[in-house]
K.L.:
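What follows is a structure written as structure tokens; I'll ask about it next.
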Amino acid sequence: LQSADLLLSEIEVTQSIQDLKNSVGLVAGKPTTVRLYAFNNGPGTVARVQGYVSGTLNGQALAEIRCFNTTTAEPANTPQLYNARQDAVRTPICQLPATWFRSPGTLVITGRVESGQINESSAQLQNNRKSVSVTIAPSLTLKVELVPIRTNCTNNCTKAHGPSDAEMFGALQLVRTMYPASRIEAVISKGWLKWDPKVRTGDVPNSLFRNYLLPQTKGQKVPERLSDVIRLGIIPNDVYEPRFGNGWCNGYMKVGYVYVVPSSYHETAGHELGHCLGMNHVNDGQAAGPPFENYPYNAQQLSAAGERDH
């Protein structure tokens with residue numbers, strides 16, 4: 001057997017967006033995934049690394065479960081941590097049972113990793129385990145209204161100028177999977193908005209807020225009290241403008257937009273919903289793009305580029 005020293009360096013408990021300090025809050029009843037970051041605390045790689053997770057919820061023991069995949073542990077260093085975070089298959093992943101998040105409280109997650117390909121001393125085996133404590137908050141109702149954005153039309157804007165029914169229902173399904181079904185009110189708007197991509201994307205959120213999703217009602221006034229409903233415009237992919245990015249949302253007005261870009265739709269929707277809920281980009285002076293911002297972030301912040309918000 002190979003001599004090696006497996007190291008479980010980080011545990012990430014995520015429900016959509018998270019950092020390595022697990023500072024993004026968790027809510028009861030929402031599907032939850034644990035990622036184990038395992039490395040070789042020495043030269044060379046270790047094959048067939050298996051992960052396991054156990055825990056306690058409010059002091060009550062939770063039986064150990066096995067992660068569904070095996071990985072290869074690379075030598076421990078910062079670039080490898082970055083690479084592992086970018087690629088989900090490079091970390092053991094455990095989907096936690098729903099009973100683990102059935103109620104609010106304190107959840108202590110204990111992860112461990114092992115490989116039948118190596119020989120470790122008793123002292124080295126201590127590096128294979130790690131525990132983190134996370135707080136589960138009561139689940140609150142999240143209200144989201146998805147608004148079709150019709151483009152490249154003047155006075156005669158039809159459904160053909162906006163996202164297809166399949167794209168709208170796909171967006172609705174995506175948003176609903178980000179929150180417990182009993183605690184989300186996500187709907188497709190009965191109204192729609194017109195936007196000329198040759199102007200500027202600011203017209204989309206401005207119109208969402210100014211017209212309050214009633215674009216065909218004349219003389220409507222902006223309400224004095226901001227809404228608790230997130231309104232997200234869905235823009236068809238065929239009018240994508242790279243200069244405007246894949247999406248945007250304002251946490252104060254709770255309005256924004258997302259392009260239906262197949263290659264990044266899921267991560268963009270989660271990222272922008274984070275903005276809608278008041279989260280900002282991390283500000284570390286680095287430009288968006290590799291090498292991305294150093295983890296962990298301080299407080300509840302989002303990557304400047306979105307790829308790091310898992």
Side-chain angles (χ1 to χ4, degrees), residues 1-24 26 31-57 61-97 100-101 106-134 267 282 284 286 289-298 303 305 307-310:
L1 294 177
Q2 172 189 354
S3 293
D5 181 11
L6 269 182
L7 170 66
L8 178 54
S9 66
E10 306 290 346
I11 297 178
E12 180 180 1
V13 188
T14 179
Q15 293 180 330
S16 182
I17 296 174
Q18 190 56 275
D19 59 33
L20 291 181
K21 281 189 174 180
N22 294 295
S23 65
V24 177
L26 306 174
T32 306
T33 300
V34 170
R35 299 181 68 186
L36 305 177
Y37 292 85
F39 301 96
N40 181 18
N41 200 18
T45 61
V46 176
R48 301 183 65 180
V49 176
Q50 179 67 60
Y52 301 85
V53 171
S54 60
T56 62
L57 176 60
L62 303 169
E64 185 176 74
I65 61 172
R66 181 177 179 174
C67 295
F68 67 82
N69 62 319
T70 60
T71 61
T72 297
E74 305 284 345
N77 56 57
T78 300
Q80 293 299 347
L81 178 59
Y82 161 77
N83 292 335
R85 187 170 174 79
Q86 289 291 99
D87 188 353
V89 299
R90 297 180 67 168
T91 63
I93 297 176
C94 286
Q95 185 69 41
L96 298 186
W100 288 32
F101 273 76
T106 301
L107 177 66
V108 177
I109 296 287
T110 299
R112 70 179 182 91
V113 290
E114 65 179 22
S115 172
Q117 309 295 306
I118 62 174
N119 182 28
E120 294 184 282
S121 67
S122 298
Q124 290 174 329
L125 287 173
Q126 301 303 311
N127 295 329
N128 296 17
R129 303 176 66 90
K130 186 180 181 70
S131 296
V132 296
S133 178
V134 295
E267 67 183 33
V282 62
D284 62 357
Q286 294 189 35
F292 294 97
E293 305 81 4
N294 294 323
Y295 268 83
Y297 295 162
N298 293 320
S303 165
E307 289 87 347
R308 302 288 297 274
D309 303 317
H310 301 287

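Residue numbers count from 1 along this sequence. All values derive from a computational prediction rather than experimental measurement.
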K.L.:
Going by side chain to side chain donor-acceptor pair (under 3.5 Å), name the residues that satisfy it together with T106, two or more places apart in sequence or in a different chain.
P.N.:
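T106 satisfies side chain to side chain donor-acceptor pair (under 3.5 Å) with no residue once adjacent residues are dropped.
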K.L.:
Does the side chain of T70 pick up a donor-acceptor pair with the side chain of Q50 at under 3.5 Å?
P.N.:
no
K.L.:
Do the non-hydrogen side-chain atoms of L26 and Q18 ever get within less than 4.5 Å of each other?
P.N.:
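Side chain of L26 against side chain of Q18, heavy atoms only: contact under 4.5 Å found.
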K.L.:
With distance as the sole criterion, is a donor-acceptor pair present between the side chains of E120 and N127 under 3.5 Å?
P.N.:
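Result is no, nothing qualifies.
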K.L.:
Please tell me if the side chains of L62 and L107 come closer than 4.5 Å, counting only heavy atoms from C-beta onward.
P.N.:
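Side chain of L62 against side chain of L107, heavy atoms only: contact under 4.5 Å found.
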K.L.:
Mind checking whether T91 and L36 have side chains closer than 4.5 Å, heavy atoms only?
P.N.:
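Counting from C-beta outward, T91 and L36 never come under 4.5 Å.
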K.L.:
For a side chain to side chain contact (heavy atoms under 4.5 Å, CB included) with S115, tell me which candidate from T72, V46, T71, N128 qualifies.
P.N.:
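Answer after filtering T72, V46, T71, N128: V46.
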K.L.:
Does any part of the side chain of V53, heavy atoms only, come nearer than 4.5 Å to the side chain of W100, both counted from C-beta?
P.N.:
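They are in side-chain contact.
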K.L.:
What are the two closest heavy atoms between V89 and N69, and how far apart are they?
P.N.:
O-ND2, 3.9 Å
K.L.:
Can a donor-acceptor pair be found between the side chains of T45 and E74 at a distance below 3.5 Å?
P.N.:
no
K.L.:
Side chains of E12 and Y37: does their closest heavy-atom pair fall under 4.5 Å?
P.N.:
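E12 vs Y37: side chains touch.
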K.L.:
Are S133 and V108 side-chain neighbours, meaning at least one heavy-atom pair lies under 4.5 Å?
P.N.:
yes
